[in-house]
Enquirer: 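For reference, the structure I am asking about is given below.
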Amino acid sequence: MTGTELAPDTVVVPDARLYIDGRWSSPSDRELVPVHNPATEQVIGSVIECTRADIDAAFAAARQALGPWAATTVEHRAELLDALADALHDRGEELAVLASMEIGMPLTESRAVQAAFPESVLRSIVDVARTTRWEYDDESGTTIVREPVGVVLAITPWNFPVHQIIAKLAPALATGCTVVLKPAELTPLNALFLAELCDAAGIPAGVVNVVTGRGSTTGEMLVQSEGYDLVSFTGSLTVGKHIGQVAGGRVIRATLELGGKSPAVVLDDADLEIAVRTTVRNCFTNAGQKCNAPTRLIVPDGELARAREIAVAAAASYVLGDPIDPSTTMGPLASAAQRDKVLGYLDAARARGATVAGGVRADGFDAGYYVTPAIVTDVGENDPVVTDEIFGPVLVLLGHQGFDDAVRIANDTPYGLSAEVWSADPALAEALARHIAAGQVRINGVRSPQPPVAPFGGYKASGIGRELGRFGLDEYLETKAVLGLHHKS
Ligand code: NAP
Ligand code: MG
């Protein structure tokens, strides 16, 4: 997997700097935004709150770099991305530790999703780029030319920060686009670390620029700027709608990866024990702060009590603790605000008569935003814990009365990011997969390893566009039809 194991105190936390036009700067008059470790509540670093001048400089650098970068060969860009993938491999352990310190994710998970997976995503995009038909004559004699869209504004969230950055950076760079990246305020340090790797890999000045600061200030200034040709956003539905409106007003492309309230549907012929235990595990990855977490477990009415028993036992087996400790299976939530939001949803549900096992502040911690995993039953289908994305370790159980009812409940959500289906009958499982409106459907727990090329993105309010693989690359490409230019082939 990644390089040598490291103690957290040996990880060098990046300084508060901006990376613009291939240069590092730390203007002394800028406000600093502290970055906390959610397990200790201690400040581990800080980043610069950008001014408009910084943002203008970043877009100007990306614009200036665009022509020369877009004119390089695909093979040249692929070689630079190979070098970046090698650097991710060699420095993956540092990155995983740093990301765990920023987000509170157990290091065992971080190694897989913040280091190994981003590396394989990067390598897979390089493969896709190398096999893409960049220019060809179609059957009508028209020459089809694929060109980079231009300057990309990439705005990423905190929950799988390294993965979410690489999922945008890799296709943008492979196609010849240049990038201005703003990482989430809670987890900006890994982005600065990645910028160091881009620099060391020889990616030319201005091709990747990293600016930092708060979403409401730096983020908003970036979005309102006219410096970009495409915005790729991952985050909440609220901010995504706003960015989509701005992009729509300018008729530029917005790729939006938004939230989810994904169902796991279990039919009566499925192995309930395996289905429930797997759903609990998939729901509680990263303490449930996962956009595609299966947060609604939909089981046959007659099996609700047994499903609850299995789920409660599985939830109780989690070991909460220091994310760096190898025995930890669940870390803290990413921030005090996230913890309070989760507890607020659960308290309100209890007040409406829901049964909640767990879902309280964890005992025995002097610091850290720890919440015990929660299994919720006895709620109506329109209860906010059933309809809203909570983004915490909360699994809601609902009963269904057979296939059609299960499909109805599964699709009764504004979202459509992913789904899981369980049946012993392959034909039924397939039928379920085809009936659910979601961008990804997993049959009977098929999950790992997640293929890095499987397209990822949402139906309905879960977003617009796809990331990863060939579909992800396409988002960064324009298509030109040239008539009258015939290749000799
Ligand atoms: P968020 O508040 O929407 O933030 C996402 C990013 O947007 C952050 O970098 C944020 O900066 C920035 N931002 C906030 N307000 C902005 C504005 N007015 N203009 C420009 N940028 C702005 O979401 P979050 O709370 O970080 O992340 C959790 C949400 O993301 C959940 O709803 C989750 O489902 C969704 N998500 C979706 C996917 C997916 O692939 N579909 C993946 C992960 C997460 P700050 O951090 O500095 O506020
Ligand atoms: Mg936010």
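Counting convention: from 1, in listed order, for ligands and their atoms alike.
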Enquirer: Which of the atoms of ligand 1 are close to W158, meaning less than 4.0 Å from one of its heavy atoms?
Expert: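 Those qualifying, in numeric order: 24 (P), 25 (O), 26 (O), 27 (O).
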
Enquirer: Which of these, F391, F233, Y415, has its nearest heavy atom closest to atom 28 (C) of ligand 1?
Expert: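 Looking at heavy atoms only, F391 sits closest to atom 28 (C) of ligand 1.
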
Enquirer: Does a salt bridge link E119 with R91, judged by any charged N lying under 4.0 Å from a carboxylate O?
Expert: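 Looking at R91 together with E119, the answer is no, because their closest N to O distance does not fall below 4.0 Å.
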
Enquirer: For F456, take its heavy atoms, then give the atoms of ligand 1 lying under 4.0 Å from any of them.
Expert: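 Near F456, meaning under 4.0 Å from one of its heavy atoms, ligand 1 has 40 (O).
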
Enquirer: Would you say the side chains of K168 and T234 form a donor-acceptor pair under 3.5 Å?
Expert: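 Yes - a donor-acceptor pair under 3.5 Å links their side chains.
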
Enquirer: Heavy atom to atom 21 (N) of ligand 1, shortest distance: which of S216, G240, G219, A191 holds it?
Expert: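 Looking at heavy atoms only, G219 sits closest to atom 21 (N) of ligand 1.
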
Enquirer: Report the member of A154, G235, P157 with the shortest heavy-atom distance to atom 30 (O) of ligand 1.
Expert: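 Closest candidate by heavy-atom distance is G235.
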
Enquirer: Go through ligand 1 atom by atom and flag the ones less than 4.0 Å from a non-hydrogen atom of T156.
Expert: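 Here the atoms of ligand 1 in question are 6 (C), 8 (C), 9 (O).
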
Enquirer: Which part of F160 is near ligand 1, with near meaning a heavy atom under 4.0 Å away: side chain, backbone, both or neither?
Expert: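 For F160, there is no contact with ligand 1 at all, from either part.
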
Enquirer: Using a 4.0 Å heavy-atom cut-off, say whether I155 meets ligand 1 through its side chain, its backbone, both or neither.
Expert: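 Under 4.0 Å from ligand 1, I155 contributes side-chain atoms alone.
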
Enquirer: Are any of the N/O atoms in G215 less than 3.5 Å from those in ligand 1?
Expert: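 Checking ligand 1 against G215, an N or O pair does fall under 3.5 Å apart.
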
Enquirer: Return the option from N286, L258, T238 holding the heavy atom at the smallest distance from atom 41 (N) of ligand 1.
Expert: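 Looking at heavy atoms only, L258 sits closest to atom 41 (N) of ligand 1.
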
Enquirer: Side chain to side chain contact (heavy atoms under 4.5 Å, CB included) with V376: which of L398, L397, L346, T295?
Expert: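 Exactly one option meets the side chain to side chain contact (heavy atoms under 4.5 Å, CB included) with V376, and it is L346.
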
Enquirer: Looking only at the side chains, is there a donor atom on one of T132 and R470 sitting less than 3.5 Å from an acceptor on the other?
Expert: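 Yes.
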
Enquirer: Should H242 be counted as touching ligand 1, given the test is an N or O pair under 3.5 Å?
Expert: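 H242 vs ligand 1: no N/O contact under 3.5 Å.
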
Enquirer: Which of the atoms in ligand 1, numbered in the order shown and given with their element, are less than 4.0 Å from a heavy-atom of K182?
Expert: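 Atoms satisfying the 4.0 Å criterion: 9 (O), 11 (O), 45 (P), 47 (O).
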
Enquirer: Check this for me - ligand 1, E185, N or O atoms closer than 3.5 angstrom, yes or no?
Expert: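 In this structure, E185 places an N or O atom under 3.5 Å from an N or O of ligand 1.
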
Enquirer: Any side-chain donor-acceptor pair under 3.5 Å between E109 and T285?
Expert: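 Distance-only check fails for E109 and T285.
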
Enquirer: Counting from 1, what ligand 1 atoms have a heavy atom of V223 closer than 4.0 Å?
Expert: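 So the answer, numbered in order with elements, is 19 (N), 20 (C).
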
Enquirer: Under 4.0 Å from a heavy atom of R214: give me the atoms of ligand 1 that qualify, with their elements.
Expert: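 Atoms satisfying the 4.0 Å criterion: 47 (O).
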
Enquirer: Do Q64 and D21 pair up side chain to side chain, a donor and an acceptor below 3.5 Å, judged on atom types alone?
Expert: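 Absent: no donor and acceptor within the cut-off.
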
Enquirer: Hydrogens and angles aside, do Q450 and R442 bring a side-chain donor and acceptor to less than 3.5 Å of each other?
Expert: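 Side chains of Q450 and R442: pair found under 3.5 Å.
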
Enquirer: Using distance alone, with no hydrogens and no angle criterion, decide if S232 and T255 have a side-chain donor and acceptor under 3.5 Å apart.
Expert: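 Their side chains do not contain a donor-acceptor pair, so the 3.5 Å distance test is not met.
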
Enquirer: For ligand 1, is Q289 a contact, meaning one of its heavy atoms is under 4.0 Å away?
Expert: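 Not so, Q289 does not reach ligand 1.
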
Enquirer: Is it the case that Y19 and N209 place a side-chain donor and acceptor less than 3.5 Å from each other?
Expert: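 There is no such pair (donor and acceptor under 3.5 Å, judged by atom type) between the side chains of Y19 and N209.
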
Enquirer: Can you check whether R466's main-chain N or O pairs, donor with acceptor, with E475's side chain at less than 3.5 Å?
Expert: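 Yes; at least one donor-acceptor contact below 3.5 Å.
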
Enquirer: Tell me the contacting part of K290 for ligand 1: side chain, backbone, both, or neither, using a 4.0 Å heavy-atom threshold, strictly below.
Expert: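 The answer is neither; K290 stays 4.0 Å or more away.
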
Enquirer: Could you tell me, atom by atom, which parts of ligand 1 come under 4.0 Å of a heavy atom of N159?
Expert: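 Counting from 1, the qualifying ligand atoms are 43 (C), 44 (C).
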
Enquirer: Does the pair D82/R77 count as a salt bridge with the N-to-O cut at 4.0 Å?
Expert: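 Between R77 and D82 there is no salt bridge, as every charged N stays at least 4.0 Å from the carboxylate O atoms.
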
Enquirer: Is the closest heavy atom of G213 to ligand 1 under 4.0 Å?
Expert: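 G213 counts as a contact of ligand 1 under the 4.0 Å cut-off.
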
Enquirer: At a 4.0 Å threshold, what atoms of ligand 1 neighbour a non-hydrogen atom of L417?
Expert: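 Checking each atom against L417, I get 41 (N).
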
Enquirer: Output yes when the distance from some N or O of ligand 1 to some N or O of T234 is under 3.5 Å, and no in every other case.
Expert: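 Min N/O separation from ligand 1 is not below 3.5 Å for T234.
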
Enquirer: Would you say D54 and T51 are linked by a side-chain donor-acceptor pair, where the criterion is simply a distance under 3.5 Å?
Expert: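 Yes, because at least one side-chain N or O of T51 sits under 3.5 Å from a partner of the opposite role on D54.
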
Enquirer: Judged by modelled atom types alone, do Q440 and N292 share a side-chain donor-acceptor pair under 3.5 Å?
Expert: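 Side chains of Q440 and N292: no pair found under 3.5 Å.
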
Enquirer: Under 4.0 Å, heavy-atom basis, I'd like to know which part of N292 is in contact with ligand 1: side chain, backbone, both or neither.
Expert: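 It is neither; nothing of N292 touches ligand 1.
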
